[in-house]
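The first residue of the sequence shown is numbered 1, and numbering continues consecutively from there.
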Amino acid sequence: IYCTIKEKKWADRGFLFGPICPIYGSCVVGATIVFTSFSRLSDPDFPIWGTFILCFIGSAIAEFMTSWILEKRFHARWWDYSDYPLNINGRICLIASVFWGFVTLFGIDLLNPFLIRLYDNIPRDVSLVYVSVMCTLFILDIAVTIDSIIDLKNRIQMMLSLEKEKVVDAFSSSAEFIKTQGRRLSKIGNPFTKRIITSFPNLKFNSEKVQGVFVRFKKMMNRKDDEE
């Protein structure tokens, strides 16, 4: 919602293609397990500020670890808070962690109890079918997302190969070359690849050479959109 308001257009910043953001759901599920496993935390007399502190710390750890794991796996930064004050390696920052702390607090104290009551009223057979369908869609979504990321890396590798073949001069000087290669690369592979690019405008690869090629690839994609 924040990104949609900021950019004045719909912004789907989830890692997966479907309306599911694993880190959000994982944080709420994890917080629910923690707060229901310890009687002191689930006590109505437990101070709300204490709940917020735990949510704040938990969300900060989850966001930091998610950023680190994604970077180690794909050699790229999916978001970067380096321009924000009080950040840690650009992975988390105070403003974002406070925001996620309040969001998690809302989920634990207000939204989660309502959803649990709603779930308890659903017949067991219906809930089993629903959970099975959602799990299947979730797995398919993960497969499509990973395939799209692999496709993006393959396209970048193709452009790196072009540079190794000494066509970089032609690339920078010939509009026809750019037009031809842009069309060819934009039609190869997974049609969902562009969604990865638009959902993570701050996506940055660790390798400067790869990042340079990635920036040029995004320009190719934009040219294709303009032509269409």
Side-chain angles (χ1 to χ4, degrees), residues 1-4 7 9-37 54-80 91-92 96-97 99-155 188-205:
I1 295 176
Y2 168 77
C3 292
T4 296
E7 299 179 12
K9 62 179 181 179
W10 174 250
D12 182 3
R13 292 297 176 82
F15 181 69
L16 301 179
F17 288 100
I20 302 173
C21 191
I23 187 173
Y24 299 164
S26 299
C27 284
V28 174
V29 171
T32 300
I33 294 174
V34 170
F35 281 94
T36 55
S37 298
L54 291 175
C55 292
F56 167 81
I57 295 174
S59 61
I61 293 175
E63 188 171 29
F64 186 94
M65 292 305 300
T66 300
S67 172
W68 183 81
I69 291 172
L70 288 175
E71 182 175 357
K72 292 299 180 181
R73 177 62 183 83
F74 300 109
H75 307 290
R77 282 286 187 100
W78 297 83
W79 62 83
D80 192 349
R91 301 185 190 280
I92 59 175
S97 295
F99 172 76
W100 293 125
F102 279 115
V103 170
T104 308
L105 177 64
F106 170 79
I108 292 297
D109 281 0
L110 298 177
L111 184 60
N112 209 35
F114 167 75
L115 293 177
I116 291 176
R117 288 194 300 270
L118 181 64
Y119 179 78
D120 288 340
N121 291 324
I122 299 176
R124 180 174 176 78
D125 292 341
V126 175
S127 64
L128 287 176
V129 172
Y130 173 77
V131 171
S132 298
V133 171
M134 292 303 297
C135 287
T136 301
L137 293 176
F138 182 66
I139 293 172
L140 290 175
D141 200 349
I142 292 176
V144 172
T145 301
I146 293 177
D147 183 62
S148 299
I149 295 174
I150 293 175
D151 179 67
L152 175 60
K153 294 176 68 176
N154 289 340
R155 295 187 192 205
I188 293 176
N190 194 315
F192 297 107
T193 299
K194 185 181 177 182
R195 190 268 179 187
I196 293 293
I197 298 174
T198 56
S199 296
F200 294 93
N202 296 322
L203 175 61
K204 184 177 181 180
F205 289 90

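In this structure, CG on Leu105 lies 10.5 Å from CG on Leu54, to the nearest 0.5 angstrom. Distance check, rounded to the nearest 0.5 Å: CG of Asn112 to OH of Tyr119 gives 13.0 Å. We find the CD1-CG distance between Ile122 and Leu128 to be 11.0 Å, quoted to the nearest 0.5 Å. Here CD of Glu71 is found 4.5 Å from CZ of Arg77. Values are rounded to the nearest 0.5 Å. Between atom OG of residue Ser132 and atom OH of residue Tyr130 there is a gap of 11.5 Å, rounded to the nearest 0.5 Å. Met134 contributes atom CE, which lies 9.5 Å from atom CG of Asp141 (distance to the nearest 0.5 angstrom).
In this structure, Met65 and Arg91 have side chains that are not in contact, with every pair of non-hydrogen atoms separated by 4.5 Å or more. Inter-residue side-chain proximity for Val133 and Phe138 is flagged as unmet; no heavy-atom pair is nearer than 4.5 Å. Phe106 has its side chain within reach of Leu111: a pair of non-hydrogen atoms, C-beta onward, lies under 4.5 Å apart. Annotation: side chain of Ile108 is in contact with side chain of Thr32 (closest heavy-atom distance under 4.5 Å).
No donor-acceptor pair closer than 3.5 Å links the side chain of Ser67 to the backbone N or O of Glu63. Of the possible donor and acceptor atoms, none in the side chain of Trp100 sits under 3.5 Å from a partner among the backbone N and O of Phe56.
Of all non-hydrogen atoms in Ala60 and Ser97, the two that sit nearest each other are CB-OG, 3.6 Å. Residues Phe64 and Ile92 approach most closely at N-CG2, 3.6 Å, considering heavy atoms. Summarising the geometry of Pro113 relative to Asp109, their closest heavy-atom pair is CG-O, 3.6 Å, with the distance given to 0.1 Å. When all heavy atoms of Cys55 and Gly101 are compared, the pair lying nearest together is CB-O, 3.6 Å.
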